[in-house]
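First up is the structure itself, then whatever we jot down about it.
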Amino acid sequence: MQMSEPKPKSHRPGPEYALRLDAGDELSQFREEFVVPEPDLIYLDGNSLGRLPRRTAEHLETAVSDGWGRDLIRGWNAGWYDAPSRIGDRIGRLIGAGNGQVVVSDSTSVNLFKLVMAALSLHPGRERIVSDVLNFPSDLYVLQGCIHLLGKRHRLYLAPSDDGITVDLPALLRAIDEHTALVTLSHVTFKSGFLHDAAAVTARAREVGAPVLWDLSHSVGVVPIELDGWGADMAVGCCYKYLNGGPGAPAFLYVRREWQERTRSPIWGWFGQRAPFGFDLDYEPADGIGRFLAGTPPVLSMVPLEPALDLILEAGIERIRQKSVSLTSYLVYLVDTVLAPLGFTLGTPRDAACRGSHVSIRHSEGYRINRALIEEMQVLPDFREPDNIRLGLAPLYTSFSDVWEAVNRVRCVMTEGRYRRYRQERRPVT
Ligand SMILES: Cc1ncc(COP(=O)(O)O)c(C=O)c1O
């Protein structure tokens, strides 16, 4: 894939250059597909909660009125029952997984728990779990919980990060050896947006027979993923970020076909039973990926996923990645030229091949700057401790002009000292 990194010739970056980039944007028409009720609002949090697609709003209305309202219980035999695997297969097309290896269910944290427990059963004699310090805290909590549940037989090794942004690949590969029971990492890290070399990590783990479990939450829908091709064993991911599945959308999980019959979920619920409506008193796991389901799927929360996934499949993941690289490269350029003189540093890798679709900018006043952007500048990023303002660029609806204007508004917050009006005390959700 060609990585286009826009850099204007002029040393005075301005909105005209952003407009030129927008004019050449092959995906620009996809913005029309989203509900944008406040045109002046620059939404840079699609990496946390994606925007609402127009077709989803209609689809959901029909699902409520015709599905729940009219079909009632008949809905289960008219598409609800097989929705977890039907939608799972569609997500599979975005993550390089052949049919029958992905289901939609529960939250990412719960799916991670199920798969960590399943993976650790594969090599009972091995004790080391390898992850890194940039992983999402919930993932690390789940690992700690699993270690606790399994009688503290395992040790969690967290590969360090010298700069707080990246993890050294050779050092990570050296940490994976014949004692490794599991390697589990976020493909794109939540704070710095660092993109792991998943093919290299997976290859090393396979060499020593260690299962690999990827958390794809920050890469699915914006970065090409080849789970089958890499030889990955398991994966989980969120559907409410770049997949635009809506707040609280259920997550997905992937288990490579060859492991499905050899592993079990630790939660033996009826939806993972071979014949839930046989009501047998003893548990027999379902054949295949269905055994990783637990209880009744959240039907109405799954409904928005189908139209939202169609949008991504229509745009094509390669084109989405290409625009994402162009957007983040343009933003990095603006950070260097406009924001660095105002005390900001880049909290994300400079090399486009090593980052996902969000860019973190760091400033000692980051929290108050973020508050000012939200409260009075019509810019919606988010904040991650201790000093990161995360700017999520969603290629289907973020334009180059949005990026320019957001940076311009950050500049106003600084030059006009607007952030000083806000307190340092954190709100519950940042
Ligand atoms: C990388 C990553 N993993 C896991 C989670 C947790 O997801 P959930 O709340 O669905 O369990 C998040 C949430 O933002 C995340 O960013």
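All of these numbers come straight from a predicted model, not from anything done at the bench. Counting starts at 1 for both ligands and their atoms, following the listed order.
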- Message: Tell me whether the rings of Y333 and Y330 are parallel (<30°), tilted (30 to 60°) or perpendicular (>60°).
- Response: parallel
- Going by the 4.0 angstrom heavy-atom rule, the piece of S109 near ligand 1 is both
- Message: Salt bridge or not between D402 and R31? Use side-chain N to carboxylate O under 4.0 Å.
- Response: yes
- Message: Below 30° counts as parallel, above 60° as perpendicular, anything between as tilted: where do the rings of H187 and W230 land?
- Response: perpendicular
- Message: Check the orientation of F277 and W270. Use parallel for under 30°, tilted for 30 to 60°, and perpendicular for over 60°.
- Response: tilted
- Task: Starting from atom 7 (O) of ligand 1, locate the nearest protein heavy atom and write down its residue, its atom name and how far away it is, to 0.1 Å.
- Result: Y240 OH, 3.2 Å
- Task: Do me a favour and list the nearest non-hydrogen protein atom to atom 12 (C) of ligand 1 with residue, atom name and distance?
- Result: F136 CE2, 3.3 Å
- Under 4.0 Å from any heavy atom of H218, which atoms of ligand 1 are there? 1 (C), 16 (O)
- Considering only NZ, NE, NH1 and NH2 on the basic side and carboxylate oxygens on the acidic side, decide whether R90 and D310 come within less than 4.0 Å. yes
- Query: Nearest protein heavy atom to atom 3 (N) of ligand 1, by residue and atom, and its distance?
  - Reply: D215 OD2, 2.6 Å
- What about the rings of F292 and F252, do their centers lie closer together than 6.0 Å? no
- Starting from atom 14 (O) of ligand 1, locate the nearest protein heavy atom and write down its residue, its atom name and how far away it is, to 0.1 Å. K241 NZ, 2.8 Å
- Proximity to ligand 1 by part of D139, non-hydrogen separation under 4.0 Å: side chain
- Does C238 reach ligand 1, in the sense of a heavy atom lying below 4.0 Å from it? yes
